[in-house]
Amino acid sequence: MRPTCGDPMHPISNFAARDIEALLHPTTNLLAHRSAGPLVLERAEGIYVFDGAGKRYIEGLAGLWCTGLGYGNAEIVETAREQMSRLSFAHLFGGRSHEPAIELAEKIKALSPVPTSKVFFTNSGSEANDTQIRIAWYYNNARGQPKRKKIIARHRAYHGTTVATASLSGLAVFHADFDLPMARVLHTDCPHYWKDGQDGESEEAYASRLAMSLEELIEREGPDTIAAFIAEPVMGAGGVLIPPATYFEKVQAVLARHDIAFIADEVICGFARTGNWWGSQTFGIQPSTITMAKAITSAYVPMGALTVPENVYEALVEASGRHGVFAHGFTYSGHPLACAVALKTIEIYERIKIVEHVRRVAPIFALRLKALADHPLVGDARCVGLLGALELVKDKRAKQSFEPKLGVGAKPPALPRRRACCAARSAATTSRCARP
Ligand SMILES: Cc1ncc(COP(=O)(O)O)c(C=O)c1O
């Protein structure tokens with residue numbers, strides 16, 4: 001039997017010390033990590049992950065909202081093995097191509113909730129949103145509107161961590177000391193009705209107020225300087241913020257008045273998470289383009305993608321002809337392994353009727369989550385499909401949050417046995433929701 005990392009006889013048993021010595025962790029409190037150390041996982045199966053000591057955990061966040069099919073799917077493993085044996089790498093630069101990329105592009109076009117001319121592949125959600133910005137700028141130059149470059153995102157949004165996408169993200173911690181956000185990125189209100197709705201204000205009135213605030217921002221900046229608005233149908237890392245009634249309808253009316261493109265960031269909401277293939281369908285959004293990643297491969301391998309509408313594609317064709325090349329892409333754009341795994345993942349989603357499955361189990365998820373709403377530490381329990389959160393509060397009536405530096409989500413207070421169990425579950429959900 002293979003020794004585990006918890007086995008003192010194992011030559012590499014001290015993973016915690018070695019981790020602290022060698023690894024720079026993404027999105028981690030590096031100071032706290034030096035004393036707390038890592039949680040080292042060794043294997044996974046279905047919805048469970050196991051640490052080196054063999055302790056089993058439910059992976060309640062589906063990795064980072066990405067392991068849609070769970071762990072250890074033998075069909076996907078076999079597909080990956082076959083693809084790596086047949087064609088382990090081929091790039092798409094300079095017009096080269098391969099069958100898995102072509103087939104996957106066709107499949108995404110067919111699934112896309114918006115008219116799509118072409119599909120562009122990346123390795124992550126960040127790269128895909130970064131590409132959205134590059135294409136928006138290139139397109140506006142190509143169509144003779146070179147002033148139209150600003151992108152509007154929302155406070156508390158999360159769109160990635162490259163220089164451009166961390167700028168889009170509306171979470172202060174991704175900007176502080178990184179000298180971000182960069183120029184040409186603006187932020188408008190985040191829709192958090194439970195927290196920010198005024199006394200007596202209906203969801204619809206709150207949505208109108210936010211739409212008006214967006215329009216004021218556009219008019220202040222100059223409508224002809226704004227290229228696009230980007231939004232997650234449900235804000236994930238910002239706290240699972242579900243849009244209030246009529247919010248997207250009103251926002252889209254504002255954008256349409258000013259000829260501003262809508263980029264829907266479906267990185268979390270895509271592939272059935274909200275009970276439809278796309279969050280845009282759940283919330284009546286008709287975007288110009290969508291970004292996807294994560295569940296596209298059920299996280300078996302990294303991949304992201306975005307759709308390109310016909311009018312934008314035509315402009316790119318014309319401009320690339322002038323410049324000699326559409327000079328954008330990644331070595332691993334459309335990696336054959338990622339494409340083959342994505343195709344198999346989508347085939348399985350269709351076979352198991354994942355949308356119907358989410359709709360069937362979501363009411364149970366909602367029931368159990370909402371049962372925690374009357375806990376003294378829970379301000380709000382909210383969910384849509386299989387995306388949910390408990391908002392922990394210091395003062396329930398005043399809806400007052402804990403100071404983030406207290407790390408309440410990660411460390412539940414000591415309470416009597418039954419209560420402690422409740423708080424632990426809510427803390428786990430909320431603290432994890434605070435991460436991308
Ligand atoms: C909505 C959204 N967009 C973009 C990203 C960035 O994706 P990645 O981490 O693959 O770069 C994330 C990651 O969590 C996300 O939640």
Side-chain angles (χ1 to χ4, degrees), residues 25-28 59-68 120-135 151-171 173-175 178 180-181 185 187 190-191 228-243 248 262-274 278-280 282-283 285 287 289-307 330 332-335 338 341-342 345 384-389 429-436:
H25 282 261
T27 315
T28 295
E59 181 45 286
L61 194 63
L64 287 172
W65 285 300
C66 50
T67 57
F120 187 88
F121 293 119
T122 67
N123 306 289
S124 68
S126 297
E127 285 180 5
N129 280 331
D130 212 288
T131 300
Q132 291 280 21
I133 298 175
R134 290 202 77 194
I135 288 183
I151 314 280
I152 301 178
R154 299 175 299 168
H155 296 296
R156 293 181 72 158
Y158 186 80
H159 297 295
T161 55
T162 60
V163 167
T165 59
S167 296
L168 296 179
S169 295
L171 297 164
V173 76
F174 288 90
H175 299 159
F178 285 106
L180 296 176
V185 171
H187 289 96
C190 97
F229 170 84
I230 182 165
E232 303 150 82
V234 177
M235 280 181 160
V240 184
L241 302 181
I242 301 168
F248 276 121
F262 190 135
I263 301 168
D265 182 343
E266 295 271 5
V267 167
I268 286 178
C269 295
F271 300 97
R273 177 64 55 190
T274 66
W278 308 102
S280 295
T282 303
F283 296 101
I285 305 169
T289 159
I290 61 171
T291 297
M292 66 200 82
K294 295 191 187 271
I296 188 173
T297 57
S298 189
Y300 278 79
V301 289
M303 173 164 243
L306 58 139
T307 63
F330 308 99
Y332 302 125
S333 285
H335 191 290
V341 166
T345 302
V384 55
L386 288 179
L387 187 54
T429 312
T430 313
S431 68
R432 284 164 175 219
C433 286
R435 293 181 209 146

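Indexing begins at 1, ligand by ligand and atom by atom, following the structure's order. The basis for the numbers below is simple: all heavy atoms, side chains too, and nothing from hydrogens, waters or symmetry mates.
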Sub-4.0 Å atoms of ligand 1 with respect to non-hydrogen atoms of [X]:
{"X": "Asn129", "answer": "3 (N), 4 (C)"}
{"X": "Lys294", "answer": "12 (C), 13 (C), 14 (O), 16 (O)"}
{"X": "Asp265", "answer": "1 (C), 2 (C), 3 (N), 4 (C)"}
{"X": "Glu232", "answer": "1 (C)"}
{"X": "Gly125", "answer": "6 (C), 7 (O), 8 (P), 10 (O), 11 (O)"}

Open item on the list: Does Phe283, at its CZ atom, have more than 12 non-hydrogen atoms belonging to other residues, nucleotides or ligands within less than 6.0 Å?
Closed with: yes
Task: Any Ile268 heavy atom less than 4.0 Å to ligand 1 - done: yes
- [ ] Consider ligand 1: state whether an atom of it lies below 4.0 angstrom from any non-hydrogen atom of Met235.
- [x] no
Open item on the list: Checking contacts here: is it the side chain or the backbone of Ser124 that comes within 4.0 Å of ligand 1, counting heavy atoms only? Could be both or neither.
Closed with: both
Task: From CA spacing to verdict: side-chain contact (heavy atoms from CB on, under 4.5 Å), Thr27, Phe174 - done: CA-CA 9 Å; Thr27 315; Phe174 288 90; 4.1 Å; yes
Open item on the list: Counting only nitrogen or oxygen atoms and a 3.5 angstrom limit, does Ser126 reach ligand 1?
Closed with: yes
Open item on the list: Is a donor from one side chain sitting under 3.5 angstrom from an acceptor on the other, for Glu59 and Thr67?
Closed with: no
TODO: Hey, can you tell me if Phe120 and Phe330 have their rings parallel, tilted or perpendicular (30° and 60° cut-offs)?
DONE: perpendicular
TODO: Anything under 30° is parallel, anything over 60° is perpendicular, the rest tilted; go ahead and classify His187 against His175.
DONE: tilted
Task: Selection from Thr161, Val267, Thr122, Val234 by shortest heavy-atom distance to atom 5 (C) of ligand 1 - done: Val267
- [ ] Grab the two heavy atoms, one from Glu232 and one from Ala157, that are nearest each other, plus how far apart they are.
- [x] OE2-CA, 3.4 Å
TODO: Provide the closest heavy-atom pair for Thr162 versus Ser126 in the form atom of the first, atom of the second, distance.
DONE: CG2-CB, 3.9 Å
